Structure formats: structure tokens, C-alpha cells
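Input: a single structure, listed below in C-alpha cells.
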Amino acid sequence: MLDLRFIRENPDAVRRACEVKRHAADIDQLLELDQAWRDATSRADQIRALVKSASKEIGGLMKAGKRDEAEAKKAEVAAAKSQLEEIERTEGETRAEIDDLLLRIPNLPHADVKAGPEETCNEEVHRWGEPRTFDFKPRDHVEIAESLGLIDFKRAAKLAGSGFACFTGLGAKLERALIGWMIDMHVERHGYREVSTPFIVTSEVMVGTGQLPKFAEDMYHVPKEDFWLIPTAEVPVTNLHRGEILSADDLPIKYVAHTPCFRSEAGSYGKDVRGLSRVHQFDKVEMVNFTTPETSWDQLETLRREAEEVLEALGLHYRTLRLSTEGMTFASAMTYDLEVWAPGAKRFYEVSSASCYADFQARRAGIRFRRTSESKPEFVHTLNASGLALPRLVIALLETYQRGDGTVEVPEPLRHRLGADALRPE
RNA sequence: GGAGGGGUGGCCGAGUGGUUGAAGGCGGCGGUCUUGAAAACCGUUGAUCCGCAAGGAUCCGGGGGUUCGAAUCCCUCCCCCUCCGCCA
């Protein structure tokens, strides 16, 4: 959420942000409502002040036994209050409309982000490794996984329909090994604190990180208690500090979490449907940072590096893109996507998205900090990056490390955890 | 699920209709004292919104109500604690 005062003073900047991010928002209507609300508020405040002071006088008159004068005052107050009722209704209704509009205005992109469509304006900022070459015809991950008994797509569909995977045997163990290994890396090398959160959250929490009110159709809803299944650990982990005032000494706060992620992927039928590339439920290790405003942009670079290190440790070819305004999400101010090369599919897959939200989420979720015990609370900046998303990482691993004999080499860092140096048919 | 107790400022904790944004304590900050520190003492210390400002308004878990006036009374919802039941 943007600061209403900022919008008041910089309406053109906000209009431009909406335009380049391709989010429709009626700024003129907002400004109009804002003016109406401020008028109503100041009139209401005046009347409230009157009622308040009159009430005190009445108290005094009652004590002094001046019944008649008190009654006269009461009549005065009653008249003022009937007026107030009307104004307060306007005030409340207008404010509700303002709040709703505010929640639907996207974050401002950072000045370094290119405006335009993804195809032409995403910038490749980093590339690591080389695409794997083969002296045999490489297979794609679905063939490899099925022949080695690592994933059972058919039986997964029996449980939940299409778009789900059931990892089996060494496939399941590979996921578990990757999760443990990645979390340990972030904890031990990058100074993260591990958290394990609920996977079901309230609507307020979804508003805090920006999924609601605009993107309800992308998520799974639990009608019974009006809960939502998290689409990413970003949601529960960022909201861990909702409504809090942190101390500057606590910053930066760095959490890492492993959670399942649930995405309805409504409207994406026919796109990327094969195998693991786009599923309704997947596991992910996610890093979330809370920082001061002056350190967040540097922290985004660090965060991006922390995610990139995972791919490098696994020896996987990847590229890093700085997304253009049209590629970024609603809440983001700057986003890097890490895309890993899948030599079987001969394409890159996004395995991580590293974003800085500036104070956008913090304002929605009410996450503030104090520089000293004296100073006024300010909003923190929030950031997050996948580190990494499991299914697409598995795609890249299987396709990159496949051998001519149908087995798959296990990269060195995972061998100990997996208890095997290769994936073979069981 | 049943019964009872409770939600007050950074924290603890008083406060059952009136000038209370809220006693007191702790913590924080400033000062006195001290070579320095501690102790002691004195002072100070909430957030949000409107307003150029002066100033004003709102906030004692959320929402609604009673009243001239509510942290205090009523209704409702949420959360926490204790005991019982159930259960991985």
C-alpha cells in the first residue's frame, strides 16, 4: 500500500506506476474521495470537540446542582449529535472506499527498473555456467522420473486431479535432501533463522503481503473458517511481525522457511502443463528479510546472491533477470528472477524470484521499527527470495545430471544426505 | 466440544460512568551527584489522523449499543490461560 499523503502530493507518479505495471486504478476518484473524507473528518472533529466540552460542562453543572442549565446543554448536544451522525456516516463510507482503492494500487517500481513488456525489457544481469551438452539424446524430466520411479503423476491425479505430483522412493528422498540442505546452507552460511509456520492463514494476513484483495482467484480458499492456503512462505513469514514495532537493533531480520505452496493457477491451462513445471502444490524454501529503508536495496543484491549460490553449489547453469515493470508483481518494487537451464526441455525455468517491496507490505501489515527508543516508528522494508522452489529445481537436476544409461548422477553436496551417488531404477 | 478466568501504554499492573491518554512500578531518555560507573534523587517518556500553523479528533482485543458523558454498563465476535472431554 502506498502512503495516501504521497499519492495526494504525487498523483502523476502513481498514475505512471499503474500504467507501466499494467494495473488499472482510478487515481482521480481516489483524490476526490480523499478530499471528501478530509472535509467530513474536519467537520466531524469540530462537532465532537463541541460535544466533548459540553459534556464536561454538564458534569460540572450536575455536581453544582444546576439541573436546568444542564438540561439546556443536553438539548444542545443532542442537536449537534444528530448532525454528527450524518457526517460520520459519510466519513466512514468514504474512508472504506478509500481504503479499498488504496489496497488495489500497485507498488511503485524502483527507478532502475525498465518500463515495458517482459519480452523486450527484462534485463539479463548475470549468467553462470554453460548449458550441459550430451553425446546421447537427452530425455526430459518426466521420462527420467517415471523410468526411475521418482515421481508418480498418475496416482497423484487420482488423489487431487491434474497438476499434482506424488514423489516416491528416492524422488521423495531427493526432495527431502534438497530441503534440508538448502535450509542448512541459509542458516549456517547466510545467517538465517529457521521458522516453520502455519500453512493456512486469515484474510488479514493475505492483505498484509498483497495477495488480497486483488488476487483471490489465484489461491485456494477454505470456506469453513474463511482461511486461505498459502501460495508462498512469504505470506506467513512476513506477517510474523505484523502490527509490531521492532527495534533498529533487531534489523536486519532474516528468516528461512520450508513450506508447501498452493496455487490454483486459474487461467493457465495449456501453459507449461507437462510434469513438474507448473503444479498446484509444491514445496519451497523461502528467505524473508526485514530491513531499514536505507539498506534494503543492497540487501536485495545480497538476497539474490544467496539464492544464486544454491544453484552454483549444485553446478546448474542459470541466468538472472531483472524484471521489467510488466513482469513484476503488484507489490514488488524490484524483482530478480533466477532461471535455471533444463537441457531436456531446452529452456530456462524460473526457480526463484527475489523481490524488494520497500515499505509497501510493511504499511499494509503495520510492520515498523524505531531507530532509537526516542524516535518515531518508521516502516521497515521487506524482501524475499525463493531459495529455491523444489519442482523446477528437480527438473533441472534430473535433466542436467542424466547419463546415457538412464541413471542420474547425484551432485556432490547431496550425496551424503541421499545416501547415494546416483539415482538408479529400484 | 463443556466449565471457569482473563485481554489496559515497550513491559508489569491499577482503574466499575464524569475533566483519565489513563495511578504506580519496570524499562528508556535527560539531568544532579561521581575521577568514571553504580546507587540515590529530580525531570521526562504512547500511537494514528486532519491542519501551513495554532490547534483539534481518535485509540484501553475487534465490532455494535446505552448515556449529555464509557477503559468502566449491555450485546456480539476474536484471542489467551486453567480444568474436563476428545485426539495425531
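A note on names: the letters A, B, ... follow the listed sequences, proteins ahead of strands, and every chain is numbered from 1. Just so it is clear, the model here is predicted, and its values are computed rather than measured.
- A salt bridge links A/Glu294 to A/Arg371: at least one charged side-chain nitrogen sits closer than 4.0 Å to a carboxylate oxygen.
- Look at CG on A/Leu102: it is 12 Å from P on B/rC49, rounded to the nearest Å.
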List every contact pair, protein side and nucleotides 58-60 of chain B side both N or O, where the distance is under 3.5 Å.
unit_1: B/rU58; atom_1: OP2; unit_2: A/Lys52; atom_2: NZ; d: 3.1

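- As rounded to whole Å, 15 Å separates atom C1' of B/rC50 from atom CD1 of A/Ile47.
- A sub-4.0 Å separation between OP1 or OP2 of B/rG51 and a side-chain N or O of A/Arg38 is present.
- Computed from coordinates, the A/Arg89 CZ to B/rG64 C1' distance equals 16 Å when rounded to whole Å.
- Using the Watson-Crick or G-U wobble rule with both distances under 3.5 Å, B/rC59 pairs with B/rG46.
- Annotation: salt bridge (Lys or Arg N to Asp or Glu O under 4.0 Å) contacts involving residues 96-113 of chain A, sequence neighbours excluded, comprise A/Arg95-A/Asp99, A/Asp100-A/Arg104.
- Taking the side chain of A/Lys81 as heavy atoms from C-beta on, and the options B/rG69, B/rU48, B/rC68, the nearest nucleotide is B/rG69.
- Near RNA chain B, meaning a heavy atom under 4.0 Å away, the residues from residues 2-12 of chain A are A/Arg5, A/Arg8.
- Taking A/Phe290 as the reference, A/His241 meet the ring-ring contact (aromatic ring centres under 6.0 Å, His included) condition, with sequence neighbours excluded.
- Distance A/Trp37 CH2 to B/rU48 P: 14 Å, rounded to the nearest Å.
- The distance from atom CG of A/Leu84 to atom P of B/rA57 is 12 Å, rounded to the nearest whole Å.
- Here A/Phe282 and A/Phe262 keep their ring centres 6.0 angstrom or further from each other.
- Contacts of A/Lys73 with the nucleic acid, taken as non-hydrogen atoms under 4.0 Å apart, are absent.
- Across all strands shown, A/Ala49 has heavy atoms under 4.0 Å from sugar-phosphate atoms exclusively, and none from any base.
- The separation between A/Leu61 atom CG and B/rU19 atom P is 15 Å, rounded to whole Å.
- Atom CG in A/Asp34 sits about 8 Å away from atom P in B/rC50, given to the nearest Å.
- In this entry the distance linking CD of A/Glu204 with P of B/rC79 reads 11 Å, nearest Å.
- No salt bridge links A/Arg89 with A/Glu85; every basic N to acidic carboxylate O contact stays at or beyond 4.0 Å.
- Rounded to the nearest 0.5 angstrom, A/Ile200 CD1 and A/His221 NE2 are separated by 11.5 Å.
- Counting only heavy atoms from C-beta on, A/Ile58 has its side chain closest to B/rC68 among B/rU19, B/rC68, B/rC50.
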Please write out the pairs of protein N or O atoms and N or O atoms of nucleotides 26-29 of chain B separated by less than 3.5 Å, giving the distance to one decimal.
unit_1: B/rG28; atom_1: O2'; unit_2: A/Ser373; atom_2: OG; d: 2.2
unit_1: B/rC29; atom_1: O2'; unit_2: A/Glu374; atom_2: OE2; d: 3.1

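- Within residues 361-370 of chain A, the residues having any heavy atom under 4.0 Å from RNA chain B are, by residue number, A/Arg368, A/Arg370.
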